[in-house]
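Excluded from the calculations below are hydrogen atoms, water molecules and symmetry mates; all remaining heavy atoms, backbone and side chain alike, are included. Quantities reported herein were computed from a predicted structural model and do not represent experimental measurements.
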Amino acid sequence: MAQISVVIRGTPPGISLIKRLRGKDWSYNSYRYAVLLITFVAYTCYHASRKPSSIVKSVLHPEHDEEAVSNPWPIGNVFIFKERLGNDESGWKKKGWAPFNADDGTLRLGEIDLAFLAFYALGMYVAGHLGDRLDLRLFLTSGMIGSGIFVALFGMGYLWNIHAFSFFLVMQMIAGLFQATGWPSVVAVIGNWFGKRKRGLIMGIWNAHTSVGNISGSLLAASVLDYGWGWSFIVPGAFIFVGGILVYLFLAAYPEDVGYPCPHDLVVNQETRPGDLEIPGQSIESQACDVRRVPSGNKRGIGLFEAFLIPGVVPFALCLFFSKLVAYTFLYWLPFYLSQTEIGGEYMSVKSAGNLSTLFDVGGIVGGIIAGHLSDKLNARAATAATFMYAAIPFMLLYRFYGDVSMTMNIVLMMIVGLFVNGPYALITTAVSADLGTHSSLRGDSRALATVTAIIDGTGSVGAALGPLLTGFLSTGGWDKVFVMLMVCALIAGLLLSRLVIAEIVDWVKKKQSANGRCFGVIMGANVQERANKSEAMDSLSTNFELAGWHMSTEMT
């Protein structure tokens, strides 16, 4: 049995304590379930801390002709067309908050969003580069705690009675940089623990944390809004701060750090492919025969230029630019579009439109799971993503022209659009990023998961910032122009994957021909053997007749 070298970066203190209390170690599968749960919670915290700004917009810059809802969804009414006035003794909800309550308040709020997204995209490249060189557990912990501090500081502007626009702008910029640590880190951790088999399905389900975070963030922010808009930032900030402590205590970012080999570092016999290896809970040592491990502490990180050269990184990054542009346009503008559109002969209130828009995310969850499962089953990530983007085009057109017929029609079409828009977005940012970050060209001696994820999602985040900005200009000329932009972007996103799609089709045809050739060979071999058996039987029969004739002639003699 070959010896396995182990360099342990450091077992998380919470896991060490549990080991001492239990008196034995966890199984490999138990660690994987724990990693899925902790990273799910971690990114739920990230998205929850991003929602307050959308919740308090109407408070910072109130529409004076609108009235307040007494209870947020799902506590109160879900879709209401007539809202009643709530009690507001202080009057701060009606007056807004300087400097956002002036005539240019919406412009200031837009600049806040743009600053956050711009620094988020910029920080993504840096965060991915650092994530492959630093301990992911400590890096993710630092990002979550930093995010919590600066999200809460934005809300402290209310308690400290700050009205300087520069204060809020700087808080959002720094928060965007810290928020950029999240996605490359959690995808890298998942990629460290899971091989390629069923990765798309697993990550499709796991990616539901985005929508769970959006919903939980909305509920958290709305639940404390009556105490002052600042608390809508402070509470989610505390939420992600506590999540960072959880990550520090219990997240095993690398299998090596708890005594197990990484799936991508296993060198096995010729009958087994490393990417397909599945390791059961207690038999890891027995499967480690003839396995050479590359310790986590000894792996080298690769540079951005090297990561760009990995086949598939550039086309998927550009595809996500346009895919995320479409997805984030719906995320930021769908509630406003719903409130401005007559549905079934009636207009919907702003808050009710926000409640209704969450169904777009519900469709997105289903789309992510279906896209991941199909890409696993067909072994065709690019073809699956491109097909979803092409399918989104006619359904966006249908939604634009028939979404106002009735509430039922609007909900059904909205969820279908969410399915096809968010499906490839979820697939590319999860399974595809993990695939490319463990590409065979790296030969197992490099760490590129966080770097590749950052390149792909960072490029997509630029599109995410551009889409809502363009929508603000185009919507003044009518929503038809916005939907034309979205459909064109979806088409471009699909076309950018054409080369990879063709390669996957060619590979599939070759495999099919090879399989048919093997089947033909087996059939031909069976026919030859059958003919040989028949010939042997005839020879035996002939010999028997000859022997019988010889006996007869002998008896006659």
Side-chain angles (χ1 to χ4, degrees), residues 6 8-48 131 134-145 181-210 212-213 216 239-266 277-285 287-288 293 295-296 372 430-431 434 437-438 447 449-450 453:
V6 179
I8 298 180
R9 185 183 296 271
T11 303
I15 292 179
S16 297
L17 177 61
I18 292 175
K19 281 183 181 180
R20 286 196 295 270
L21 294 176
R22 294 181 74 239
K24 60 179 180 179
D25 196 6
W26 287 351
S27 68
Y28 186 82
N29 281 337
S30 295
Y31 276 115
R32 296 209 294 183
Y33 296 144
V35 165
L36 279 175
L37 177 61
I38 294 171
T39 52
F40 185 96
V41 172
Y43 212 68
T44 296
C45 292
Y46 272 101
H47 262 266
L134 304 175
D135 186 340
L136 280 173
R137 177 172 64 93
L138 299 179
F139 186 62
L140 185 57
T141 298
S142 302
M144 295 180 72
I145 291 176
T181 61
W183 191 242
S185 299
V186 295
V187 173
V189 171
I190 292 296
N192 288 337
W193 279 94
F194 290 87
K196 291 184 178 179
R197 188 153 67 91
K198 295 184 179 179
R199 177 184 280 168
L201 176 60
I202 291 170
M203 286 190 160
I205 298 172
W206 172 77
N207 194 62
H209 51 52
T210 299
V212 173
S216 60
F239 183 52
I240 190 173
F241 189 98
V242 173
I245 296 174
L246 176 71
V247 166
Y248 174 77
L249 292 176
F250 297 104
L251 179 63
Y254 310 90
E256 299 94 328
D257 295 349
V258 288
Y260 290 102
C262 179
H264 315 298
D265 297 334
L266 294 168
L277 189 62
E278 293 289 333
I279 307 171
Q282 300 293 344
S283 60
I284 184 71
E285 287 80 18
Q287 291 201 21
R293 274 180 57 193
S296 67
T430 55
T438 56
R447 284 205 311 271
L449 278 165
T453 301

Mind listing the closest non-hydrogen atom pair of Ala42 and Val247 along with its distance?
->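 Minimum heavy-atom contact is CB-CG2, 4.0 Å.
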Work out which heavy atom in Thr11 is nearest to a heavy atom in Lys19; give both atom names and the distance.
->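 Looking at all heavy atoms of both residues, the closest pair is CG2-NZ, 4.3 Å.
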Evaluate the criterion side-chain hydrogen bond (donor to acceptor under 3.5 Å, both in side chains) for residue pair Tyr31 and Asp257; output intermediate values, then yes/no.
-> CA-CA 11 Å; Tyr31 276 115; Asp257 295 349; over 6 Å; no
Sequence-distant partners of Thr210, side chain to side chain donor-acceptor pair (under 3.5 Å), two or more places apart =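 Result, side chain to side chain donor-acceptor pair (under 3.5 Å) vs Thr210: none returned.
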Just by distance, do the side chain of Asn192 and the backbone of Pro255 share a donor-acceptor pair under 3.5 Å?
->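 Here the side-chain-to-backbone pair does not exist.
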Can you tell me if Trp193 uses its side chain to pair, donor with acceptor, with the backbone of Ala252 under 3.5 Å?
->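 Yes; judged by distance alone, with no hydrogens or angles, the pair exists.
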Can you tell me how far the [atom1] atom of [X] sits from the [atom2] atom of [Y], to the nearest 0.5 Å?
X: Ile245; Y: Phe250; atom1: CD1; atom2: CZ; answer: 11.5 Å
X: Cys45; Y: His209; atom1: SG; atom2: NE2; answer: 11.5 Å
X: Phe40; Y: Ile190; atom1: CZ; atom2: CD1; answer: 11.0 Å
X: Ile18; Y: Asp25; atom1: CD1; atom2: CG; answer: 11.0 Å

Residues two or more places apart in sequence or in another chain: which of them pass ring-ring contact (aromatic ring centres under 6.0 Å, His included) with Tyr46?
->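 Partners of Tyr46 under the ring-ring contact (aromatic ring centres under 6.0 Å, His included) test: Tyr43.
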Restricting to side-chain contact (heavy atoms from CB on, under 4.5 Å), what partner residues turn up for [X], sequence neighbours left out?
X: Ser216; answer: Thr44, Ala48
X: Tyr248; answer: Pro13, Arg137, Leu138, Thr141
X: Phe139; answer: Ala127, Leu130, Leu134, Thr181, Ser185
X: Ile205; answer: Leu201, Ile369

Aromatic ring pairing Tyr28/Tyr260, orientation class (parallel under 30°, perpendicular over 60°, tilted between) |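 Rings of Tyr28 and Tyr260: perpendicular, over 60°.
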For the pair Trp183 and Trp206, name the ring-plane relationship: parallel under 30°, tilted 30 to 60°, perpendicular over 60°.
->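 It falls in the parallel class, under 30°.
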